[in-house]
Amino acid sequence: MLRVALPVPLRRLFDYRPPPGVATPLPGSRLQVPFGSRQLLGIVVESAMGSEVPAAKLRAAIGVLDTEPVFDAVLLALCLRVARYYQCPPGMALHTALPAALRRPLVKRVAHYRLSAAGTDDRHPRRADLRAVLGQGAGLSASALAAQGISPSRLRTARRAGWVESAPAALLPLPSPVVPPSLGIGDERPLRLRAEQRQAVTAVGEAFGDFQSFLLHGVAGSGKTEVYLHLIAAALERGLQALVLVPEIGLAPQLLQRIRRRFKVPIALSHSGLRSRQRLDCWAAARSGEAAIVVGTRSAVFTPLARLGLIVVDEEHDPSFKQHTGLLYSGRDVAVMRAQQQQVPVLLGSATPSLESLRNSGLRRYRLLRLEQRANARPPPVPQLIDLSAHQELRGGLSQPLIEAVGDVLDADHQVLLFLNRRGYAPTLCCQHCGWRAECPDCDARLVLHGGQPGLCCHHCGRRELPPERCPGCGVGPLRPSGYGTQRNERALRGLFPGVPIYRIDRDATGESGQEKLLGAIPPSGACILLGTQMLAKGHHFPAVTLAAVLDADSGLFNPNYRSIERLGQLLVQVAGRAGRQQHSGAVLVQTMHPGHPLFQTLFKQGYSAFAEHLLADSEARGRPPAMHMALLRAAAPTAEVATAFLRSARQLAEGGGCRLLGPLPAMPARRAGRHHYFLSLESSRREPLQSLLTELCQQLERKRRPAGLRWIADVDPEGIEAGGVEDLG
Ligand code: ADP
Ligand code: ZN
Ligand code: ZN
């Protein structure tokens, strides 16, 4: 009897008899099974002696799809642990861990044939050709046999006589491990490490072969990447593979380039932009050991690796490591689980570590390694505030002092980086007469005005529409864009600084794949303005930038999300890190209406560590995450009543379970694409009571009848309270 994980929203395994006439498949193999009237692709978790299902009701699996399990024992155990941790049905977690090409059940399976036991023992000369053709291999289809001279009628006869039987189709001949990767030295020599860097490399290097987590906190330009490269080299020297996780592949071209220049070894890239076949190739190359280095985004954490030796997570604080649908996992945290499971060191690097990771290093769970100096020996510039209440007249979103500072830098033939976290032309369209605003009919959100057709766009549901000709509120007033998005800024800047090249970098400008190209187009020197969103702040070196400015810091200051201050602090430090990385010293300017806000005071006067410590102490004192462990039970439904009633009943079930409960509360926005999103928050100072309460709660909710249209999901270690996560899982 086989215990099988299936991709259905039920947190349990399912029992099946092995498919008739084949050897019992090993755990980690894919199995095609009947499920109701459908066929599903399951993963064998274990084989067991008996079943609680009465023998007469136990169904037989249809076929085994693999000659060798797709999950090795460690990876299988990791996925099951991840499923438990994130309260996800085991079959869903295992499916998430597989490349899409391996997830599909075979709807029309081509039958394959092989010699039966009798056929193998048979010695009759009349069937010698049959034995020769079918003698080796996992099986051949009827057409492959016909091509080798065994006609369909002969096949039929041989089957009827019992010489030939149908074989489980080995869909994909899985690669077996090849020789260890050799250390191929690239064109670029490693740099001589500074003392701080050498200490970091030594510390992690000593942990090879053991599990230990390290947090590498180093200001931008302090040489973190160089530390990664030295450690990757150390792994390759030992014949081991290195797994490098990055938040977004489009933001990692410089890291990739340096890896390629440093090592002449096969490198596998794994990210969502790949086609299914490429993804599979990457998976296979990593699994066989052929790829010495695997670089990828969060899902790459599930890549099978023949000889994993080291895991690096770059920009570990980045929210992109968290998956937002289905299995709501954090690639970073799963990387740590995996390192533990496989007994390898894991290195989390950032200029602005997350509060969780700093807390873990405070608790000695992670060992903190610090790089305090920039490699070019210039301290990062201290940001200066521009008080917008004293400079109310803005041109193109820029105050007079900022305009002057930009002008000076351009005159010196240097580059300016302007950061505005708002894409589009203007955040909203307003009536000047009655105050009407363009709102999305399906969301609690304003429509954003974009340049080009159709104009109005909802950033929450993707709805697009033409702006109304006349104000729908009063019928008379003129409609005007209100506020600035990057597109409008760009236009204003062209007026302010005629003839200066402007590079706008945001999701609209790049599309999905064009990031690298767009960033690549920025000249290494010469006056120009780089204008953009988040994308521009992350991890890139712009050697000629000597002024970085944040046009509007205030949207993050008064955001209801409990993590917004942490995020804003990280962003400001990242933006500041873009200025003056090479020969010239840099300046950083931040426009705000609230220069007295404590965030600026601690962050700019005492630095990121002090700022983070302050936030941590505050969360400790107030009993809020990350000092507390938190999970959200999220629900979405066609009406607010249905969603909140469900969460209230969940709250009743959870009451007395040893966790602090908050809610139901509305997500942000509460209404998205016509559905109402709410959550119940569960918090505990210890992980175990939270996990066991959640497990119990999910089991109970799963058994309850779900109101029509309601969906729910548990979100462990949430990134925030934004609406989402709910729609993919029943
Ligand atoms: P980070 O990843 O922390 O931003 P990098 O590793 O990219 O820092 O290093 C920043 C710059 O400093 C790069 O141009 C790199 O070549 C240089 N650098 C790093 N380490 C050293 C070193 N030990 N000696 C000289 N230059 C270094
Ligand atoms: Zn009006
Ligand atoms: Zn909308």
Side-chain angles (χ1 to χ4, degrees), residues 188-201 216-232 244 246 251-259 261-262 312 314-316 347 349-353 369-378 380 428-448 456-465 467-480 482 524 537-543 573-574 576-583 668-675 677 723-724:
E188 186 190 272
R189 307 273 98 205
L191 297 172
R192 251 183 72 99
L193 295 178
R194 289 180 297 106
E196 294 181 322
Q197 290 172 309
R198 194 164 343 101
Q199 278 157 19
V201 169
L216 181 65
H217 179 187
V219 295
S222 62
K224 291 184 295 298
T225 311
E226 195 58 39
V227 170
Y228 304 158
L229 295 175
H230 276 254
L231 285 166
I232 293 170
V244 180
V246 296
L251 297 172
Q254 287 168 332
L255 173 63
L256 266 174
Q257 206 177 37
R258 283 172 72 181
I259 290 179
R261 274 202 227 121
R262 196 64 65 87
V312 172
D314 191 26
E315 308 285 355
E316 66 88 29
L347 178 63
S350 175
T352 53
L369 306 168
R370 301 208 49 172
L371 303 180
E372 316 243 7
Q373 290 160 18
R374 281 181 147 188
N376 63 7
R378 232 176 248 288
T428 182
L429 187 66
C430 266
C431 171
Q432 293 206 306
H433 183 66
C434 72
W436 176 91
R437 283 163 191 280
E439 283 178 0
C440 177
D442 299 327
C443 304
D444 293 336
R446 300 211 175 116
L447 290 170
V448 177
L456 290 173
C457 174
C458 176
H459 285 190
H460 294 281
C461 69
R463 180 193 184 89
R464 292 165 168 279
E465 58 185 52
E469 302 233 327
R470 215 168 297 128
C471 171
C474 62
V476 289
L479 296 173
R480 292 270 182 273
S482 154
K538 289 183 183 178
H540 254 267
H541 297 209
F542 300 111
V573 174
Q574 303 273 343
R578 303 304 115 211
R581 292 181 59 126
Q582 228 92 77
Q583 302 87 349
M668 284 184 357
R671 195 168 51 99
R672 193 183 75 173
R675 294 180 52 85
H677 292 249

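First listed ligand is number 1; within each ligand, the first listed atom is number 1.
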Between Asp314 and Tyr228, does a side-chain contact (heavy atoms from CB on, under 4.5 Å) hold up when you go through it step by step? CA-CA 9 Å; Asp314 191 26; Tyr228 304 158; 2.7 Å; yes
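- With distances taken over non-hydrogen atoms, the option nearest atom 10 (C) of ligand 1 out of Gly349, Gly221, Gly218 is Gly221.
- Here Arg370 pairs with Glu372 in a salt bridge; the nearest charged N to carboxylate O distance falls below 4.0 Å.
- Nearest approach of Arg463 to Glu465, heavy atoms of both residues: NE-OE1, 2.7 Å.
- Under a 4.0 Å criterion applied to the non-hydrogen atoms of Leu191, ligand 1 contributes the atoms 16 (O), 18 (N), 19 (C), 20 (N), 21 (C), 26 (N), 27 (C).
- In this structure a side-chain-to-backbone donor-acceptor pair under 3.5 Å is missing from His217 to Leu369.
- Checked against Leu447 for a side chain to side chain contact (heavy atoms under 4.5 Å, CB included), the options Cys458, Cys457, Pro467 give a single hit: Cys458.
- Here CZ of Arg480 is found 13.5 Å from NE2 of His433. Values are rounded to the nearest 0.5 Å.
- The line from CD1 of Ile259 to CD1 of Ile232 is 4.5 Å long, rounded to the nearest 0.5 Å.
- At least one N or O atom of Gly223 sits closer than 3.5 Å to an N or O atom of ligand 1.
- Val219 counts as a contact of ligand 1, since one of its heavy atoms falls under 4.0 Å from the ligand.
- Atoms of ligand 1 found under 4.0 Å from any heavy atom of Ser222, numbered from 1 in the order shown, are 3 (O), 8 (O).
- Every atom of ligand 1 with a heavy atom of Arg192 under 4.0 Å away is listed here by number and element: 22 (C), 23 (N), 24 (N).
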Would Arg262 and Glu226 satisfy salt bridge (charged side-chain N to carboxylate O under 4.0 Å, His left out), going step by step from the backbone distance to the final call? CA-CA 10 Å; Arg262 196 64 65 87; Glu226 195 58 39; 2.9 Å; yes
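- At a heavy-atom cutoff of 4.0 Å, ligand 1 is contacted by the backbone of Leu193 but not by its side chain.
- Around the Zn ion (ligand 3), the protein contributes the following N, O or S atoms under 2.8 Å, ordered by chain and number: Cys440 SG, Cys443 SG, Cys458 SG, Cys461 SG.
- Closest heavy-atom contact between Asp442 and Arg671: C-NH1, 3.3 Å.
- Judged by the shortest distance from any of its heavy atoms, Arg258 lies inside the 4.0 Å radius around the atoms of ligand 1.
- Gln257 CD to Glu188 CD: the interatomic distance, rounded to the nearest 0.5 Å, is 9.0 Å.
- Rounding to 10°, one obtains 110° for the angle at the Zn ion (ligand 2) between SG (Cys431) and SG (Cys434).
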